[in-house]
Amino acid sequence: ADQLKRPPARFIAINPIRTGYAAIADEWVPIRPGTDGALFMAFIHLLIEADAYDHEFVTRFTNAAELLDMNADSDSFGLFVRQPDAPERNPLFPQNHLWWDLEQQNAVLHHTPGARPALEGRYTLDDGTPVAPSFALLRERVADCTPEWAAQITGIPAATIRRLATEMADTMRDHKISLPIRWTDAWGQEHESVTGNPIAFHAMRGLAAHSNGFQSIRALAVLMSLLGTIDRPGGFRHKSPYPRAVP
């Protein structure tokens, strides 16, 4: 905590009571217990609405561009579409999901070299299956999760929610970290440096100690992905060049 409070860092505590870390934070944001998920959803809404998320990280290192089966009559409705003749290789890290390539205007295996994957829109595979990138569904899901909506649930003023989202987006854009470490990612692409964004979240047990805790943690993971702060310098688990597949 002492290092976090050294300028120019900002240490913000979101906690129902001002105790522990919250007592020494640069800013204390009181929140109604158990409503953290609504706050995260509002942050996600604002980052997507302002196009202020880490596009490169979201596209390459998350499943945001991977296509979902949108046929409501299918047994695989809502699940990732798989290329049946492509090897899965690792069941914990499937390699047979699909992107919609905007260059060729057709579906390709995800992380195909030279592909430009779509994050928005609706498409149809050659076999007639309607599909959509998972990011498109995320945008639709948070469309109504405005700061005003979250303010009614969390007790945090909408203006504060907007300001915090802006601070995170500005930090991500203006204070990127780059370390001269060459590495190869899980799809075989070499990178000359390890990059990251100096935004970190420390979520304690209170986040999960509610009936909706699981969904709140999922929302936090999505927020961290949009900010490009998972497995990277300045964020979460930053000691090795990531992302890479579980062996």
Side-chain angles (χ1 to χ4, degrees), residues 37-38 40-147 149-150 165 169 172 185-187 189 212 214-231 243 245:
F40 300 150
M41 295 289 274
F43 284 153
I44 293 169
H45 167 96
L46 289 167
L47 291 173
I48 293 177
E49 181 185 59
D51 199 32
Y53 58 92
D54 189 325
H55 288 249
E56 182 180 1
F57 183 85
V58 166
T59 301
R60 183 163 186 85
F61 297 125
T62 78
N63 59 19
E66 293 178 19
L67 299 178
L68 298 171
D69 185 342
M70 299 307 296
N71 179 4
D73 297 325
S74 170
D75 291 339
S76 59
F77 174 55
L79 301 180
F80 289 111
V81 177
R82 295 173 179 266
Q83 177 66 268
D85 57 354
E88 186 179 58
R89 298 191 184 129
N90 184 342
L92 295 177
F93 188 72
Q95 298 287 297
N96 58 356
H97 291 181
L98 299 177
W99 278 349
W100 187 266
D101 181 14
L102 293 172
E103 296 291 343
Q104 301 182 46
Q105 286 299 317
N106 60 13
V108 298
L109 281 173
H110 70 119
H111 294 87
T112 295
R116 185 163 64 93
L119 292 177
E120 308 285 355
R122 293 287 195 279
Y123 307 95
T124 304
L125 301 182
D126 291 341
D127 64 4
T129 303
V131 294
S134 64
F135 187 86
L137 273 66
L138 174 65
R139 179 189 287 276
E140 293 172 7
R141 178 63 184 85
V142 299
D144 297 328
C145 299
T146 64
W149 166 83
M172 177 190 69
D185 67 25
W187 302 277
Q189 178 173 322
N212 62 349
F214 178 76
Q215 301 296 351
S216 295
I217 292 171
R218 290 180 70 192
L220 176 59
V222 172
L223 174 61
M224 293 168 68
S225 296
L226 291 178
L227 292 168
T229 187
I230 295 179
D231 288 339

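The residues of the chain are indexed from 1 along the displayed sequence.
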Might you confirm whether atom CD of Glu56 has over 12 heavy atoms from other residues, nucleotides or ligands at distances under 6.0 Å?
-> no
Neighbour count above 12 (heavy atom, 6.0 Å) for Asp51 CG | yes
Does [X] reach the side chain of [Y], with side-chain heavy atoms less than 4.5 Å apart?
X      : Y      : value
Phe40  : Arg218 : no
Pro147 : His45  : yes
Thr112 : Asp101 : no
Ile230 : Phe61  : no
Asp54  : Thr229 : no
Asp185 : Arg60  : yes
His97  : Val81  : no

Which pair of non-hydrogen atoms, one from [X] and one from [Y], has the smallest distance, and what is that distance?
X      : Y      : result
Leu137 : Ala132 : CD1-CB, 3.7 Å
Ala65  : Pro117 : CB-CB, 3.7 Å
Ala150 : Ala38  : CB-O, 3.7 Å
Ala118 : Leu102 : CB-CD2, 3.7 Å
Thr124 : Val131 : N-CG2, 4.4 Å
Glu120 : Phe135 : OE2-CE2, 3.4 Å

Distance (rounded to the nearest 0.5 Å) between [X] [atom1] and [Y] [atom2]:
X      : Y      : atom1 : atom2 : answer
Leu125 : Met70  : CG    : CE    : 12.0 Å
Gln215 : Leu220 : CD    : CG    : 13.0 Å
Arg139 : Ile44  : CZ    : CD1   : 12.5 Å
Tyr123 : Leu67  : OH    : CG    : 8.5 Å
His55  : Leu226 : NE2   : CG    : 9.5 Å
Thr59  : Leu119 : OG1   : CG    : 4.0 Å

Give the ring-plane orientation class for His110 versus Trp99, where under 30° counts as parallel, over 60° as perpendicular and anything between as tilted.
-> perpendicular
Listed partners of Thr62 passing side-chain contact (heavy atoms from CB on, under 4.5 Å), at least two apart =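 Thr62 satisfies side-chain contact (heavy atoms from CB on, under 4.5 Å) with Phe57, Val58, Ala64, Ser225 only.
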Hey, mind stepping through Leu68 and Phe80 against side chain to side chain contact (heavy atoms under 4.5 Å, CB included) and telling me if it holds?
-> CA-CA 4 Å; Leu68 298 171; Phe80 289 111; 3.4 Å; yes
Measure from the side-chain N and O atoms of Ser76 to the backbone N and O of Leu79, and report whether any donor-acceptor pair falls under 3.5 Å.
-> no
Would you please test Leu47 and Leu223 for side chain to side chain contact (heavy atoms under 4.5 Å, CB included) and show each step?
-> CA-CA 9 Å; Leu47 291 173; Leu223 174 61; 3.6 Å; yes
Side chain to side chain donor-acceptor pair (under 3.5 Å) partners for Gln83, two or more places apart |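 Partners of Gln83 under the side chain to side chain donor-acceptor pair (under 3.5 Å) test: none.
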Return the set of residues passing salt bridge (charged side-chain N to carboxylate O under 4.0 Å, His left out) with Arg141 (not counting sequence neighbours), or none when no residue passes.
-> none
